**Student:** 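Below are the structure tokens for one structure; questions will follow.
Because the structure is a prediction, the values reported are computed rather than measured.
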Amino acid sequence: MSKVIQISHPLILHKLSFIRDKNTGSKDFRDLVSEVAMLMAYEVTRDVQTTDIEIETPICQTTCKTLAGKKMAIVPILRAGLGMVDGMLNLIPAAKVGHIGLYRDEETLQPVEYFCKLPQDIEERDVIVVDPMLATGGSAADAITLLKKRGARNIKLMVLIAAPEGLKAVMDVHPDVDVYTASVDEKLNENGYIVPGLGDAGDRLFGTK
């Protein structure tokens, strides 16, 4: 059964307060989202397996830990998920990056797919799907479904903020996928936005309306 893991490190919560602030401009917003994604990636990768290697320090020979060689992939949901990629690559530079394009129909609030490009060996990789917001959960659930259809087996979802409705929607469809978030917010409003939320993450990242 999937779990919701809330990452409440003080540095993440501090930066999240500025991300939420409507007066934070696009440049600072982008920097903060990237920084929080990097901090969250530290926790999301906590269970990555390691193996022993022998090295020579300036003093003596010793046994150390290194990553066991499991391949990883970061898959942002376009377009807002792009804002989280660079921060994660700072920690996991060898990860491949796929892209899934989904937009939300403004009337039905349902996701519509328009792009999907993934590493050829996606079935061999640990996959982290990233998107700043988990609102209705439709886009995230559909993105995970696309990944599974293309052979991905070990998938995690990482978001900055989540609505209870979105969490339920994803976990109902994908009970094998753990969700990592910095905050579980109060609810969705009548327009499908998270309350208190942070507005439209894509618009704030890229300075659009």
Side-chain angles (χ1 to χ4, degrees), residues 2-46 74-88 91 100 102-104 106 109-111 127-144 155-174 177-209:
S2 59
K3 303 185 298 291
V4 177
I5 298 94
Q6 191 164 343
I7 306 172
S8 54
H9 190 285
L11 287 177
I12 291 176
L13 299 180
H14 171 75
K15 293 176 184 294
L16 188 58
S17 68
F18 292 101
I19 290 173
R20 292 186 189 273
D21 190 335
K22 70 177 184 179
N23 295 313
T24 298
S26 289
K27 180 188 182 301
D28 289 339
F29 189 90
R30 282 194 298 271
D31 290 345
L32 288 161
V33 167
S34 182
E35 290 168 6
V36 170
M38 181 176 66
L39 293 170
M40 291 183 69
Y42 179 86
E43 189 65 31
V44 174
T45 56
R46 179 175 290 276
I74 302 165
V75 181
I77 299 176
L78 302 178
R79 61 188 166 134
L82 291 173
M84 302 172 71
V85 173
D86 285 347
M88 297 188 70
L91 280 189
I100 292 179
L102 298 164
Y103 68 88
R104 185 174 59 177
E106 292 185 358
L109 301 182
Q110 296 302 305
V127 180
I128 306 173
V129 179
V130 296
D131 199 4
M133 300 186 299
L134 181 61
T136 63
S139 294
D142 273 24
I144 294 167
I155 304 171
K156 296 176 180 177
L157 173 63
M158 186 179 108
V159 300
L160 300 189
I161 61 173
E165 296 92 332
L167 288 170
K168 184 178 186 304
V170 170
M171 296 171 78
D172 283 351
V173 179
H174 300 291
V177 175
D178 290 339
V179 182
Y180 293 77
T181 183
S183 175
V184 178
D185 279 16
E186 181 185 342
K187 62 179 181 179
L188 295 179
N189 66 16
E190 63 276 7
N191 296 317
Y193 282 94
I194 302 174
V195 178
L198 50 80
D200 187 298
D203 285 345
R204 296 193 65 191
L205 278 164
F206 302 113
T208 55
K209 291 291 186 182

**Student:** Give a yes or no on whether the backbone of L102 and the side-chain of S139 come within a donor-acceptor separation of less than 3.5 Å.
**Tutor:** no
**Student:** Answer yes or no: is there a side-chain heavy-atom contact under 4.5 Å between I161 and L134?
**Tutor:** no
**Student:** Which pair of heavy atoms, one from A201 and one from M133, lies closest together, and at what distance?
**Tutor:** N-CE, 3.7 Å
**Student:** Ion pair present between R204 and D200, side-chain N to carboxylate O less than 4.0 angstrom?
**Tutor:** no
**Student:** Roughly how far apart are T45 OG1 and L91 CG, rounded to 0.5 Å?
**Tutor:** 6.5 Å
**Student:** Salt-bridge test for K156 and D178: reply yes if a basic N is under 4.0 Å from a carboxylate O, no otherwise.
**Tutor:** no
**Student:** Is there a donor-acceptor pair under 3.5 Å between the side chain of D21 and the backbone N or O of N23?
**Tutor:** yes
**Student:** Under 3.5 Å, is there a donor-acceptor pair between the D203 and T208 side chains?
**Tutor:** yes
**Student:** Any non-hydrogen side-chain atom of M84 less than 4.5 Å from a side-chain atom of I74?
**Tutor:** no
**Student:** What residue pairs, at least two apart or across chains, pass side-chain hydrogen bond (donor to acceptor under 3.5 Å, both in side chains) with a residue in residues 6-16?
**Tutor:** K15-E35
**Student:** To the nearest 0.5 Å, what is the distance between OG1 on T24 and NZ on K22?
**Tutor:** 11.5 Å
**Student:** Do the side chains of L82 and L205 get nearer than 4.5 Å, heavy atoms only?
**Tutor:** no
**Student:** Side-chain contact, heavy-atom cut-off 4.5 Å: L188 with Y193?
**Tutor:** no
**Student:** Can you see which heavy atom on I77 is nearest to which on A140, and at what distance?
**Tutor:** CD1-CA, 3.8 Å
**Student:** Find the distance between CG (D28) and CZ (R30) and round it off to the nearest 0.5 Å.
**Tutor:** 9.0 Å
**Student:** Rounded to the nearest 0.5 Å, how far does CG of L157 lie from OG1 of T181?
**Tutor:** 8.5 Å
**Student:** Which residue, I7, L11, L160, forms the side-chain contact (heavy atoms from CB on, under 4.5 Å) with V36?
**Tutor:** L160
**Student:** Hey, could you give me the CD1/CG distance between I12 and L16, rounded to the nearest 0.5 Å?
**Tutor:** 9.0 Å
**Student:** What is the minimum heavy-atom distance between G81 and D131, and which atoms define it?
**Tutor:** N-OD1, 3.8 Å
**Student:** Which heavy-atom pair separates S34 from G87 by the least distance, and what is that distance?
**Tutor:** OG-N, 3.2 Å
**Student:** Show the nearest heavy-atom pair for residues P196 and E186, with the distance to one decimal.
**Tutor:** CD-N, 4.2 Å
**Student:** How long is the span from the CE atom in M40 to the OH atom in Y180, to the nearest 0.5 Å?
**Tutor:** 10.0 Å
**Student:** Compare every heavy atom of G202 with every heavy atom of A80, then report the nearest pair and how far apart it is.
**Tutor:** CB-N, 3.8 Å
**Student:** Looking only at atom types and distance, does a side-chain atom of R20 sit under 3.5 Å from a main-chain N or O of L198, one as donor and one as acceptor?
**Tutor:** no
**Student:** For K168 and E165, what are the C-alpha separation, side-chain angles and deciding distance, and is it a salt bridge (Lys or Arg N to Asp or Glu O under 4.0 Å)?
**Tutor:** CA-CA 5 Å; K168 184 178 186 304; E165 296 92 332; over 6 Å; no
